[in-house]
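The chain is numbered in sequence order, starting from 1.
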Amino acid sequence: MSQVEVERFLGRILTDADFRKHAEQSLEKACYSKGFIFSPVELSFMRTLDFVLFQHVAETLDDSIRRS
């Protein structure tokens with residue numbers, strides 16, 4: 001997992017509510033649809049992420065940096 005890819009993924013999770021919802025439902029499909037390439041081990045780790053926590057953080061972001 002490259003640091004750049006991780007940062008791109010986390011940025012997307014925080015700024016894109018649709019992507020976050022899609023990732024909660026199917027992480028593999030959401031990642032594939034946005035061009036994120038992760039190994040099965042990496043995806044397994046990412047499944048442990050707390051998407052509710054990401055939602056809370058996203059709500060604190062200024063609207064100007066969120067995707068609409």
Side-chain angles (χ1 to χ4, degrees):
M1 180 176 338
S2 79
Q3 186 65 27
V4 171
E5 199 70 353
V6 169
E7 290 173 5
R8 199 169 74 92
F9 171 81
L10 293 174
R12 191 69 182 232
I13 283 288
L14 287 172
T15 61
D16 187 339
D18 289 337
F19 177 71
R20 192 169 45 254
K21 182 179 177 183
H22 192 194
E24 264 189 293
Q25 295 168 351
S26 175
L27 185 61
E28 294 87 351
K29 288 180 184 177
C31 287
Y32 181 78
S33 74
K34 298 300 179 189
F36 295 107
I37 307 298
F38 296 116
S39 72
V41 172
E42 293 164 341
L43 285 170
S44 177
F45 168 74
M46 292 179 146
R47 280 189 207 94
T48 68
L49 296 173
D50 186 345
F51 288 96
V52 173
L53 182 57
F54 282 114
Q55 174 63 37
H56 291 301
V57 173
E59 290 170 357
T60 69
L61 298 176
D62 189 276
D63 288 341
S64 65
I65 61 173
R66 287 191 229 173
R67 295 179 185 264
S68 41

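The aromatic rings of Phe38 and Phe36 sit parallel to each other, their planes meeting at less than 30°, with 60° as the upper class boundary.
Both Phe51 and Val6 sit in one connected hydrophobic cluster of ILVMFWY residues. Membership requires side-chain heavy atoms under 4.5 Å apart, directly or through other members. When the side chains of ILVMFWY residues are joined at heavy-atom separations under 4.5 Å, either directly or via intervening members, Ile65 and Leu10 end up in a single hydrophobic cluster. Under a hydrophobic-cluster definition in which Ile, Leu, Val, Met, Phe, Trp and Tyr are linked whenever side-chain heavy atoms come within less than 4.5 Å, directly or via other members, Met46 and Tyr32 are assigned to different clusters.
Nearest heavy-atom pair, Ile37 versus Glu5, reported as atom, atom and distance to 0.1 Å: N-OE2, 3.5 Å. Nearest approach of Ala58 to Arg20, heavy atoms of both residues: CB-NH1, 3.6 Å.
The structure places OG1 of Thr15 at 12.5 Å from CG of Asp62, a figure rounded to the nearest 0.5 Å. Annotation: the span from Cys31 atom SG to Ile13 atom CD1 amounts to 7.0 Å, rounded to 0.5 Å. We find the CG-CD distance between Leu14 and Gln55 to be 10.0 Å, quoted to the nearest 0.5 Å.
Every residue meeting the side chain to side chain contact (heavy atoms under 4.5 Å, CB included) condition with Ala30, not counting sequence neighbours, appears here in chain and number order: Phe19, His22, Ala23.
Under a 4.0 Å N-O distance rule, the pair Lys21/Glu24 does not qualify as a salt bridge.
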